[in-house]
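Every chain is numbered from 1, with letters handed out A, B, ... down the list of sequences. Because the structure is predicted, anything quoted here is derived from the model rather than measured.
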Protein chains: 2
Amino acid sequence: MAATIKDVARLAGVSQSSVSRALAAPDQVRPATRERVERAVAQLGYEPNRIARGLSTGRTGTIGFLVPDIANPLFAGIVKAAQRRSREFGLAVLLADSDEEPATELDLIRTLTKQVDGFVLCAPRAGDDELRSVCGDLPVVLLNRRVGQLPSIIFDNADGIRQALAHLAALGHRRVAYVAGPRTSWVNRERLRAFRAVAAGLGLEGVEAGNVSPDFEGGVAVADLVLAAGVTAVIAYNDMIGLGLASRFGARGVTAPGDVSIIGFDDIPASALVTPALTTVSQPKDQCGRAGIDLLADLLNDRDRPSGTRTSLPARLIVRASTGPAPATVR
Amino acid sequence: MAATIKDVARLAGVSQSSVSRALAAPDQVRPATRERVERAVAQLGYEPNRIARGLSTGRTGTIGFLVPDIANPLFAGIVKAAQRRSREFGLAVLLADSDEEPATELDLIRTLTKQVDGFVLCAPRAGDDELRSVCGDLPVVLLNRRVGQLPSIIFDNADGIRQALAHLAALGHRRVAYVAGPRTSWVNRERLRAFRAVAAGLGLEGVEAGNVSPDFEGGVAVADLVLAAGVTAVIAYNDMIGLGLASRFGARGVTAPGDVSIIGFDDIPASALVTPALTTVSQPKDQCGRAGIDLLADLLNDRDRPSGTRTSLPARLIVRASTGPAPATVR
DNA sequence: TTGAAAGCGGTACCAT
DNA sequence: ATGGTACCGCTTTCAA
């Protein structure tokens with residue numbers, strides 16, 4: 001049996017309260033008392049029970065972190081950074097993986113809501129209202145999504161699209177496709193909107209394909225449609241779709257960047273390893289995870305940042321071999 | 001404020017005890033009572049506070065899950081499966097990422113130990129004794145590692161090596177290298193041991209290189225050494241090393257599978273996407289994560305499996321383009 | 001500065 | 001079958 005505060009109190013010859021104080025507010029007890037307590041603590045190897053503390057303080061020292069798919073390198077990277085930062089705050093992370101299911105997202109939040117002090121949510125699928133209501137008044141930080149005035153951290157999707165399109169325009173491309181990801185995804189909608197606006201602004205013809213599932217198979221499935229649209233370049237919702245496109249293109253004898261240029265989003269490891277390597281819009285995963293925890297920690301400490309804090313993280317185009325000059329004649 | 005059991009009791013016009021029973025052991029209360037409780041529960045949107053429950057039962061409904069690197073697709077896959085299974089048991093998962101640091105592994109376990117009912121540990125680096133002592137008598141399931149009599153789930157490393165070597169031998173390779181991963185890794189030691197034994201058994205010359213860090217750079221760094229050893233095939237500790245090898249080989253004008261065959265471990269997504277695709281020993285991530293939770297759940301329910309349960313998961317060789325017949329003459 | 005005691009929200013034992 | 005109540009380990013008034 002682990003030692004409790006009572007054991008410490010008895011051994012130190014003081015009351016529970018004093019032990020509690022000695023630990024939480026050392027300057028509220030006489031040095032002599034503090035020392036006796038400290039000795040007893042050391043001798044018993046006492047560590048406060050966070051559960052019990054949680055019951056009386058209403059705080060658990062644990063935060064919930066929800067992602068749609070931990071096997072997706074983007075989220076894995078974000079979670080990893082968040083983990084590291086949480087440790088510095090002494091917070092534990094309750095991970096939840098919603099498998100990209102809107103219903104599961106809400107479910108998970110609901111069941112976890114009682115055991116955490118707050119949430120960092122990457123929940124692209126659930127509806128706005130459900131999301132807001134399910135969180136109650138628990139501190140919440142949204143990742144990669146905007147809902148009402150909730151504090152959020154997002155990648156600059158519009159700027160990512162802008163960089164990608166500018167790159168393609170400079171290479172002489174005039175007709176460009178965007179392969180959309182899940183229709184319900186907030187991020188997808190943002191990118192699509194930016195695609196339309198920026199393409200128009202640059203005087204490019206924008207073609208839209210999709211929606212497809214955000215994976216390799218999704219890219220493969222839509223590749224022939226993209227080809228039939230007669231574009232010389234395509235921007236995919238994410239890298240996995242981009243890789244699927246490249247694969248199917250290759251099977252059809254269409255090669256990047258000679259016949260068609262391809263750009264993805266996320267900069268997953270595989271993008272740098274394939275041939276040709278995939279040009280991609282990289283998002284700072286580390287910063288994102290870290291900033292998410294920082295923001296939530298502030299919220300937890302009532303060190304209120306102005307309601308509706310919206311951090312925007314820079315997107316960065318990484319040019320690799322999959323993009324090149326537009327072919328002289330369209331296939 | 002969320003509703004408590006008292007609110008439910010008052011609304012239903014029964015005692016706390018009855019509410020508690022109606023929820024935990026429905027057949028111990030009269031149907032009429034149960035219904036009144038259920039209605040009150042529904043009306044108030046009551047959900048039991050797991051923290052409070054934990055305090056009196058001594059169980060939290062939460063388990064700790066430790067991995068060396070959540071950004072590694074192998075662990076991401078395992079965690080994902082574990083997550084899903086945990087949900088079915090109504091268990092929450094406290095994730096911990098040790099960043100491959102032995103000290104962090106132990107640290108994390110120590111701080112989490114009070115808030116969880118048990119652990120699933122993938123802690124390849126920490127020492128045996130520290131590991132055992134830090135867990136105290138908390139139920140623990142070890143992944144991919146064996147320490148004393150602790151219940152464990154491991155991939156059949158020896159058989160994976162055997163399949164890989166048999167494949168290479170059948171292709172006519174006579175001199176084969178093994179590129180070792182981290183020296184302190186239990187898995188690495190197992191594979192190295194198997195490599196020696198099986199190579200000898202098959203009459204192959206075994207060459208050992210390494211130890212290198214288990215990533216792309218590690219593979220690149222050791223590639224020239226491997227080449228200098230005059231082997232026609234190489235088995236890497238994991239896929240990322242294998243991909244690094246292939247990359248550096250390519251830069252030297254040495255191509256797979258023509259000049260040298262390459263086999264990795266783990267079947268990460270990138271392995272299937274690169275050219276040539278990497279032959280790899282696949283480990284059933286889903287089964288592993290699932291089995292880990294199943295085993296731990298049994299332990300938690302005192303449904304004791306015989307102490308020292310050791311589940312072994314089958315390895316499976318996935319032959320892709322990176323392995324082929326041995327060249328007629330060594331470079 | 002210290003100690004006693006009342007909770008925090010449940011569970012489970014003991015009566016009834 | 002139900003209600004009363006002690007208790008889980010800790011925090012936090014309130015008095016002393």
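- Between the C1' atom of D:dC10 and the NZ atom of B:K114 lies a distance of 13 Å, rounded to the nearest Å.
- Residue B:S18 places at least one side-chain N or O under 4.0 Å from the OP1 or OP2 atom of D:dG3.
- If you take CD of A:E35 and C1' of C:dT1, they are 16 Å apart, rounded to a whole angstrom.
- When distances are taken from the side chain of A:T33 to each of C:dC8, C:dT2, C:dG3, the shortest belongs to C:dT2.
- Across the interface with DNA chain D, nearest-nucleotide mapping of B:L55 and B:S15 shows B:S15 to be the residue nearer the 5′ end.
- In this structure, the CD1 atom of A:I51 is 17 Å from the C1' atom of D:dC7, given to the nearest Å.
- Between A:D117 atom CG and C:dC8 atom P the separation is 18 Å, expressed in whole Å.
- Distances shown here put a side-chain N or O of A:R53 below 4.0 Å from the OP1 or OP2 atom of D:dT11.
- For B:R21, no side-chain nitrogen or oxygen approaches OP1 or OP2 of D:dA1 to under 4.0 Å.
- When each of B:S20 and A:T57 is assigned the nucleotide of DNA chain C with its nearest heavy atom, A:T57 is the one assigned upstream, toward the 5' end.
- One finds a salt bridge joining B:D99 and A:K80 here, because a Lys/Arg side-chain nitrogen approaches an Asp/Glu carboxylate oxygen to under 4.0 Å.
- The listed nucleotides are C:dG10, D:dC8, D:dT11; the one nearest the side chain of A:K6 is D:dC8.
- Closest of all the heavy-atom pairs between B:K114 and A:A2 is CE-CB, 3.9 Å.
- When distances run from any side-chain atom of A:S56 to the nucleotides D:dT12, D:dG9, D:dG3, the shortest one goes to D:dG9.
- Distance from the side chain of B:P48 is smallest for C:dG10 among the nucleotides D:dG4, D:dG9, C:dG10.
- Heavy atoms only, all atoms of each residue included: A:P68 and A:D97 are closest at O-OD1, 3.3 Å.
- Rounded to an integer number of Å, the gap from B:Q16 CD to D:dG3 C1' is 10 Å.
- Residue-level contact check: A:V14 touches the backbone only, with heavy atoms under 4.0 Å from sugar-phosphate atoms and none from bases.
- Atom CD of B:Q28 and atom C1' of C:dT11 are 12 Å apart (whole Å).
- The distance between atom CD1 of A:I5 and atom C1' of D:dC8, rounded to the nearest whole Å, is 13 Å.
- Put simply, CG on B:N49 is 13 Å from C1' on D:dC8, counting in whole angstrom units.
- For A:E190 (side chain) and A:N157 (main-chain N/O), no donor-acceptor pair under 3.5 Å exists by modelled atom type.
- Among the nucleotides C:dG10, D:dG9, C:dT2, the one closest to any side-chain atom of A:T4 is D:dG9.
- For D:dG9, the base has no donor-acceptor partner in the side chain of A:R50 [N/O atoms by modelled type, under 3.5 angstrom].
- Closest heavy-atom contact between A:S98 and A:L108: CA-CD2, 3.9 Å.
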